[in-house]
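The structure under discussion appears below in the form of C-alpha cells.
Chain naming here is simple, since letters A, B, ... match the order of the sequence lines and numbering starts at 1 in each. No hydrogens, no waters, no symmetry mates; every other heavy atom, side chains included, goes into these values.
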Protein chains: 2
Amino acid sequence: MAKNKRPVKSEEHAARGRLLGAALDIFNERGYAASSVREIVKAAGVTKPMLYYYFRNKEGIYTELMTKPFEVLEKILEETAHEKLSARKRVIRLFDRIFLLFMKNLKAARLMYSIYYGPPQGAPFIDFEGYHLKIREVTGLIVKDGIKSGEFRAVNVDTLTWALIGALNFVLEEQLCQHTPMVDDKGLSDTLALIFDGVAPSKSKRKR
Amino acid sequence: MAKNKRPVKSEEHAARGRLLGAALDIFNERGYAASSVREIVKAAGVTKPMLYYYFRNKEGIYTELMTKPFEVLEKILEETAHEKLSARKRVIRLFDRIFLLFMKNLKAARLMYSIYYGPPQGAPFIDFEGYHLKIREVTGLIVKDGIKSGEFRAVNVDTLTWALIGALNFVLEEQLCQHTPMVDDKGLSDTLALIFDGVAPSKSKRKR
DNA sequence: TATCTTATTTACCTACCGGTAAGTATAAAC
DNA sequence: GTTTATACTTACCGGTAGGTAAATAAGATA
C-alpha cells in the first residue's frame, strides 16, 4: 500500500509550474497583499482550486517561492568559506557569485528585499535575516583572515566588513530599481578594488 | 464671499492629525495594500468618512505621508551643496543630516524603501527615484570638488561616490531591520573614514 | 469491468474591501 | 433667527477577497 502510482500525462504537473511562474510575476509586480489568487490563476491559465491543490493556500505558494533560492546561497557560502585563495580574491568571488544568484532570481529577490526591509504585507514570516547575517559572517571571517595574514591593514574587522557589504548591497539594490541600473558587477568589483587598495598596507605613515 | 470662517473647537483638526499618525503606524506595519481604511480609522478613533473628508481617499492620506518628509531633504541638500568646508567634512555633514532625518521619519522611510525597491503594492506612484538621484548627484559634486582640490586621490568619481553612498545606504537600511541595528551613525562615520583614509593621497606609490 | 488515485472543474460561501449617500450637531455670519 | 459652512455619524453599497464542497474526467490497478 501507499504505492507510487501516477497517471502522469505528457507534462508532469504542468499546472504546478505555471502557477509558480505566474505567482512570481504577480507577487513581483504588486507585492504579496495586493496580489490576488484570482489574478495568479488567471495568468497561469488554470482554475483557482488548482492553487489550493498543489499548494495549501496563498501563503503556501509564496513560501515555496521565497525559500527555494536560498538553497543555492547556502552552497555558495559553504564553498567560498573554504577556498584557498587570497582574502581579496575570496571576497570578490563570493560577491560575484551572490551577484549572479541575485540576478538569476531577480523577481524573487525584489519581493524578499521589500518584505525584509519593509512591512511584511501580511505575508507569512520567513527568516531572511538569518541569510543576511550568514553572508555578513562569512565576509567577516574572510576579512579577519586577510588582516591576520597581513594582506589588509589592521583596521577594525566590522568596519571593513560593513564597507564591503555596503558596496555589495548597493549594487544589488541598484538592480532592483525601476530605471536601468547605473552599477553592475563590473561597478561592484571596481568599488571593492577601491576599498581594498585603500586599506592595503603601504610603506608611508597614514594619518589617524 | 469665500471668507475665512471657522467653527474651530478646542483642538483644531484633531481628527486629521490622529488619522495621519494611525495611517503611518499601520502602513508601516502592514504595507499599503494590506492596510485597510477600517483599521486606520479604528486606530485613529474616528469614523470612516472622516478619512474621506480630510483626504480624498486611501491614496490621498498615503501621498501626504510620503511627500512631507522630502521637503526637509530638499533643504538639507541645498545647504550642504554650498557649504565652505573640506570635501570630506561636507560628505560627513551631508550624510549625518540625512541619517538624522531618516531616523526622525523611520516609519515613513520603511514604507518608502519597500515601495521604491520593491513592488508598488497598489500604492500610487511617488517619485522616490528623483530624491535618490539628487542625493547621489550632490555627493558626486562634493567628490568631484575633493578630487579637483587634491584632497582625494584621482580615482573615478562615480566609483568613489558609489562606495560612499553604499556605506550610507547600508547604515540606513540597517535601521530598518527587525533586529537591533548593528551599525548606527557612529558606524557610518567610521566606515566613511575608512574609505576616505583609503583614498587619501600618500607619498608612496600604490599598485594599480 | 469495477475500483482507486490523481488531476481538474463548476458553483458557491462568508468576510471584508474601498467608498458614499444622507443626515446631524455646532457655531459663526447675516 | 434663519442661513451657511464645517465637522462628524449611521447605515449602507457593489465588488472582490481567500477559501471550499462536491462533482467529474482519466489513467492505473486489480
Give the rounded distance in Å between these two atoms: [atom1] of [X] and [atom2] of [N].
{"X": "B/K42", "N": "D/dT9", "atom1": "NZ", "atom2": "P", "answer": "16 Å"}
{"X": "B/R30", "N": "C/dG18", "atom1": "CZ", "atom2": "P", "answer": "12 Å"}
{"X": "A/M50", "N": "C/dA11", "atom1": "CE", "atom2": "P", "answer": "18 Å"}
{"X": "A/I26", "N": "D/dA17", "atom1": "CD1", "atom2": "P", "answer": "11 Å"}
{"X": "B/L19", "N": "C/dG18", "atom1": "CG", "atom2": "P", "answer": "14 Å"}
{"X": "B/R16", "N": "D/dT6", "atom1": "CZ", "atom2": "P", "answer": "14 Å"}
{"X": "A/E39", "N": "D/dT16", "atom1": "CD", "atom2": "C1'", "answer": "11 Å"}
{"X": "B/Y53", "N": "D/dT10", "atom1": "OH", "atom2": "P", "answer": "17 Å"}

Practice item. Could you pull out all residues at least two apart from B/E78 that satisfy salt bridge (charged side-chain N to carboxylate O under 4.0 Å, His left out)? Key: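 Listed in chain order: nothing, the list is empty.
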Can [X] and [Y] be counted as an ion pair, charged N to O under 4.0 angstrom?
{"X": "B/D197", "Y": "A/R153", "result": "no"}
{"X": "B/E71", "Y": "B/K75", "result": "no"}
{"X": "B/R88", "Y": "B/E151", "result": "no"}

Exercise for review: Could you work out which one of D/dT10, D/dA7, C/dT8 sits closest to the side chain of B/T47?
Suggested key: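 Nearest nucleotide to the side chain: D/dT10.
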**Study point:** Candidate nucleotides C/dA7, C/dG18, D/dC8, ranked by approach to the side chain of A/Y54 - the nearest
**Key:**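 Ranking C/dA7, C/dG18, D/dC8 by closest atom to the A/Y54 side chain puts C/dA7 first.
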Please tabulate, one pair per line, each protein N/O and nucleotide N/O from nucleotides 19-21 of chain D that are separated by under 3.5 Å, including the distance.
from, atom 1, to, atom 2, distance (Å)
D/dG19, OP2, A/Y52, OH, 3.2
D/dG19, OP2, A/K58, N, 3.2
D/dG19, N7, A/K48, NZ, 2.5
D/dG19, O6, A/K48, NZ, 2.2

Check your understanding: Contact class for B/S36 (heavy atom, under 4.0 Å): base, sugar-phosphate, or nothing?
Key ->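 Answer is sugar-phosphate: B/S36 comes under 4.0 Å of backbone atoms only.
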Check your understanding: So, do B/E74 and B/Y131 sit near enough that their side-chain heavy atoms are less than 4.5 Å apart?
Key ->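 Heavy-atom side-chain distance check passes, below 4.5 Å.
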Practice item. Given ring-ring contact (aromatic ring centres under 6.0 Å, His included), test B/Y117 with A/Y117 step by step and report yes or no. Key: CA-CA 10 Å; B/Y117 287 112; A/Y117 287 111; 8.2 Å; no
Review point. Any chance the rings of B/Y32 and B/Y62 have centres within less than 6.0 Å?
Key: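 Yes - the distance between ring centres of B/Y32 and B/Y62 falls below the 6.0 Å cut-off.
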